[in-house]
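Right, one structure below, let's go through it.
Residue numbers run from 1 in the order of the sequence given. The basis for the numbers below is simple: all heavy atoms, side chains too, and nothing from hydrogens, waters or symmetry mates.
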Amino acid sequence: MACGNCVTSEEGAQIFAQNQKAFFKVLNLNKKCDTSLHRLVVASVSPQSVPYFAVKFRLSVCEAARKLCGFLKSLGVQHVFDTTIAADFSILETQRDFIQRFRRQTQDEHAFPMFASACPGWMQYAERVLGDSVTPHICTAKSTQQIMGSLVKGYFASHKNLSPDKIFHLTIAPCYDRKMEALREDYYTALYKCRDVDCVLTSGEIMQIMEQRNFSIKEVEASPLENVFAGNTCEFVRHEGIGSDGYLAHIFRHAAKELFDMDVKEITYKTLKNKDFQEVCLEKDGETVLRFAAAYGFRNIQNMVLKLRKGKFHYHFVEVLACPGGCLNGKGQAQTLDGKPERATLHEMEEAYTLVPVQSPENNPHIQELYLNWLEGAESQKTREMLHTKLVPVSQAGARPDMKW
């Protein structure tokens, strides 16, 4: 999304500054300078990044996660976090928003369709190009990356008795748009002059560091991913859904049960125009009561928006992702030198990811504890501040919603 329609020159410079030099600058200062100036270096790893390393090193996803963790710690990173709990929060907050919208739909013209907010490329496009004809339809729940930022600079920092600026938070992600997301104004704390996420490196950039250091998969000591409770993650898990964190599947099942008292065992996806636009429907007494869709890639997104503006897009919820195929196909991994997807690698990544055990957000034992003890309740103001963002449509000169992708 780094084009003139969505990124200013100043933002472009800030994105470029998020590179391995910035990362190693902090690591090197920790080795040399006064200990009072040291920063605790923490890395959060996206679940969709790990399959890339698994395929590259011929390991299972779980083994690759442990080796990646060991490599990062060998560089000087003190903690490497599993981000599953942040994804759990994002899904749960999104489903809460959906249920509330469903119940007020007769009073709110913007209630439906509701668009997921997990993809930074989509969010940037919606705010900078599409504007307020679309933004009221977007869920305000933060993405997994930014909820992880709140957990690290909020919950984890307080338990370590550190101010947020004393922590350097690196995230490893499958796409470059995460760098732009980290720069959003509401992810900056003026009091401490720091961001929730200090630096984003893509999976491919981490692979470059490995190659520069002649990384040996056999020699590096495996280390388990950690959680923000200062414990180790027993098992690497994922949510339902191959290309993403499974928002559609989880919210569909929850809404079916909560709104219509129906238990959905198997979800049947109907492919429409192409494999990246799929539909899921729930029928009751011969009537379609829920209509969900997955729209991946900007061609599908553009068609979706055009139909929305014509009043012909009749869905309740849409999982929107900028990359065709979803997050595993992020431009920061599994790409050829000319920027095209490595099809064989991507296929292997998808196969490896399907073997990872699936866990429902409600089954995470720490979620309710955090809602109660850290966030002061699921409906509290603190929950809104920590787990939600503000959508700000911005008019950009030259922005063209009819751009051909």
Does atom CD of E221 have more than 12 heavy-atom neighbours from other groups under 6.0 Å away? no
Heavy atoms of other groups near E219 CD, more than 12 under 6.0 Å: no
The test is side chain to side chain contact (heavy atoms under 4.5 Å, CB included); show your working for D263 and K257 and say whether it passes. CA-CA 6 Å; D263 292 306; K257 182 64 176 177; 3.3 Å; yes
Would you give the length of the straight line joining atom CG of L290 to atom CG of L282, rounded to the nearest 0.5 angstrom? 5.0 Å
Minimum heavy-atom distance H316-V289, with the two atoms named: CE1-O, 3.3 Å
I need the minimum non-hydrogen distance between L308 and S133, along with the two atoms involved. CD2-O, 4.4 Å
Okay, side chain of K390, backbone of D186: is any donor-acceptor separation there less than 3.5 Å? no
Taking the side chain as C-beta and beyond, is there a heavy-atom pair between E279 and Y315 under 4.5 Å? yes
If you take all heavy atoms of V152 and S44, which pair is closest and at what distance? CG2-OG, 4.2 Å
Mark yes or no for whether R253, through its side chain, and V264, through its backbone, hold a donor-acceptor pair below 3.5 Å. yes
If every non-hydrogen atom of K142 is compared with every non-hydrogen atom of M386, which pair is closest and at what distance? NZ-O, 3.0 Å
Where C323 and K331 come nearest, the two heavy atoms and their spacing: SG-N, 4.4 Å
May I ask you to check whether over 12 heavy atoms, not counting those of K382, lie within 6.0 Å of atom NZ? yes
Take F98 and H254 through the test ring-ring contact (aromatic ring centres under 6.0 Å, His included) and record every step on the way to the result. CA-CA 10 Å; F98 179 83; H254 178 80; 9.0 Å; no
List the steps and the verdict of ring-ring contact (aromatic ring centres under 6.0 Å, His included) for F57 and F71. CA-CA 13 Å; F57 296 117; F71 172 72; 9.0 Å; no
Say you draw a straight line from CZ of F277 to OG1 of T271; how long is it, rounded to the nearest 0.5 Å? 11.0 Å
Are any side-chain N or O atoms of T83 and backbone N or O atoms of A86, one a donor and one an acceptor, separated by less than 3.5 Å? no
Between R39 and I167, which heavy-atom pair has the shortest distance, and what is it? NH2-O, 3.3 Å
